[in-house]
Engineer: 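Attaching a single structure in structure tokens format; questions to follow.
Since the model is a prediction, treat every value here as computed from it, not as a measurement. Letters A, B, ... mirror the listed sequences (proteins, then strands); counts begin at 1.
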There are 2 protein chains.
Amino acid sequence: MTQDNLDDAPVQAERFSQTRTAQSQALLEDYTEMIDDLIRAHGEARITDIARLMGVTHPTATKAVARLKREGLAVSRPYRGVFLTELGSGMAERVRGRHRLVVDLLLAVGVPPEAAENDAEGIEHYVSDATLTAFAAFLTRQP
Amino acid sequence: MTQDNLDDAPVQAERFSQTRTAQSQALLEDYTEMIDDLIRAHGEARITDIARLMGVTHPTATKAVARLKREGLAVSRPYRGVFLTELGSGMAERVRGRHRLVVDLLLAVGVPPEAAENDAEGIEHYVSDATLTAFAAFLTRQP
DNA sequence: ACAGAAATGTAGCCTCGGCTACATATCGGT
DNA sequence: ACCGATATGTAGCCGAGGCTACATTTCTGT
Ligand SMILES: [Mn+2]
Ligand SMILES: [Mn+2]
Ligand SMILES: [Mn+2]
Ligand SMILES: [Mn+2]
């Protein structure tokens, strides 16, 4: 920030506001991507598997899935697996692409693989389209 | 993720767990940095200014400051400004450095300045020391 | 077929971080 | 010195996302 944080306030505030919005989306994105992973691997996504992979207890996973359903990203019937809607599949695909692109960029600038994977899991949710485009362009220049 | 998400579970889970921890720290970091900015500019940080710059209402800022105090990062007396402890100042300094480094790296790989500033506000909280080191090294190579 | 194991559902608790509404204190201009 | 404007405090609501404890359903091996 510069010295005149008085005039800067609206800009600053909008920045933080956007970040908060992204944060509220992050969980949805991770669950969606993971459910898609599980379906690809096993044909379905069970609550227990989702919970174990996310590192949470199963009621927490159940609640998250409830939110996914509420937001039209997933469907499920009691005691059966969780599946993605068209909307959810679309999100999973975009999220996966973004995840890979972030990891690739981190590797390209010299971040150790372990750290790249770890950090990407958080970073990916805060990367705008403009930034993604720039990442892709950079990777094309520097393969 | 690879096909065997069964063996991968502990690794995955730990990744998400770390990300959740970082997320819970993010707010503290942003408030601390902003309070430090305000003190540098005006000698003190008023709740109203903090709230306006963060884009939240003043009771929200008050609650956040209460948490900062609880965690030993800030001190304040009723109807007076907020100040940082040694711990808080240290955090502010580290957070500011990290913020700048992230912005600089984004710019260096070709991200438009506006997007770089916006995205950095989120990204900065999920960048490990290993990654920061790599960023610094990259910037030294590619000035 | 059935009993025990495993998976899933559900209730209810907690903290955090938003908010509005209202109470109180401080500040500034006359 | 006052009084209105402004700043700050506080109460209480909400949803998200953790958790534990317990109920119920489904699966599985004999
Ligand atoms: Mn993630
Ligand atoms: Mn991811
Ligand atoms: Mn930030
Ligand atoms: Mn910052």
Engineer: Give a yes/no on whether any side-chain N or O of R46(A) is located under 4.0 angstrom from OP1 or OP2 of dA7(C).
Structural biologist: no
Engineer: Are the side chain of S17(B) and the backbone N or O of A13(B) linked by a donor-acceptor pair below 3.5 Å?
Structural biologist: no
Engineer: Would you indicate, yes or no, if dC16(C) has its OP1 or OP2 atom less than 4.0 angstrom from a side-chain nitrogen or oxygen of R20(A)?
Structural biologist: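 So the side chain of R20(A) is outside the cut-off, no N or O lying under 4.0 Å from OP1 or OP2 of dC16(C).
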Engineer: Tell me which one of H99(A), E29(A), Q25(A), Q23(A) satisfies side chain to side chain donor-acceptor pair (under 3.5 Å) with H125(A).
Structural biologist: E29(A)
Engineer: Would you say T57(A) reaches dC19(D)'s phosphate, i.e. side-chain N/O to OP1/OP2 under 4.0 Å?
Structural biologist: yes
Engineer: Please state whether the phosphate of dA6(C), meaning OP1 or OP2, lies under 4.0 angstrom from any side-chain nitrogen or oxygen of R52(A).
Structural biologist: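 Checking dA6(C) against R52(A), no side-chain N or O comes under 4.0 Å of OP1 or OP2.
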Engineer: Can you tell which of dT8(D), dG12(D), dT8(C) lies closest to the side chain of K63(B)?
Structural biologist: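 So the nucleotide nearest the side chain must be dG12(D).
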Engineer: What's the CD-P distance between Q23(B) and dA16(D), to the nearest Å?
Structural biologist: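 Whole-Å distance recorded here is 14 Å.
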Engineer: Which listed nucleotide (dC19(C), dT8(D), dG9(C)) is nearest to the side chain of I47(B)?
Structural biologist: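 The answer is dT8(D).
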Engineer: How long is the line joining CD1 of I50(A) and C1' of dG9(C), in whole Å?
Structural biologist: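 Roughly 14 Å, once rounded to whole Å.
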Engineer: Write down the distance between CG (D49(B)) and C1' (dT6(D)), rounded to a whole number of angstrom.
Structural biologist: 12 Å
Engineer: Run E71(A) and L87(A) through side-chain contact (heavy atoms from CB on, under 4.5 Å) and show every step you take.
Structural biologist: CA-CA 9 Å; E71(A) 311 225 355; L87(A) 198 66; over 6 Å; no
Engineer: Indicate whether OP1 or OP2 belonging to dT25(D) is found under 4.0 Å from a side-chain N or O atom of R77(A).
Structural biologist: no
Engineer: Which nucleotide wins on minimum distance to the side chain of Y31(B), given the candidates dA7(C), dA7(D), dG18(C)?
Structural biologist: dG18(C)
Engineer: For S24(B) and T21(B), test the side chains for any donor-to-acceptor distance below 3.5 angstrom and give the result as yes or no.
Structural biologist: no
Engineer: Using only side-chain N and O atoms of T62(B), determine if any of them is under 4.0 Å from OP1 or OP2 of dT8(D).
Structural biologist: no
Engineer: Starting at atom CG of L28(A), determine the distance to atom P of dA16(D), rounded to an integer number of angstrom.
Structural biologist: 10 Å
Engineer: Below the 4.0 Å mark, does dG17(C) have OP1 or OP2 next to a side-chain nitrogen or oxygen of T60(B)?
Structural biologist: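 For dG17(C), neither OP1 nor OP2 has a side-chain N or O of T60(B) closer than 4.0 Å.
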Engineer: Considering only dA7(D), dT8(C), dG18(C), which nucleotide approaches the side chain of L27(B) most closely?
Structural biologist: dG18(C)
Engineer: Counting heavy atoms from C-beta on, name the nucleotide in dG18(D), dA21(C), dA25(C) closest to the side chain of V56(A).
Structural biologist: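 Output: dG18(D).
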Engineer: dG18(C) P sits how many Å from H58(B) NE2, rounded?
Structural biologist: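 H58(B) atom NE2 is separated from dG18(C) atom P by 15 Å.
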Engineer: Does T32(B) use its side chain to pair, donor to acceptor, with the backbone of L28(B) at less than 3.5 Å?
Structural biologist: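 Yes; at least one donor-acceptor contact below 3.5 Å.
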Engineer: When you measure from the side chain of R80(A), which nucleotide among dG17(D), dT8(C), dT26(D) comes out closest?
Structural biologist: dT26(D)
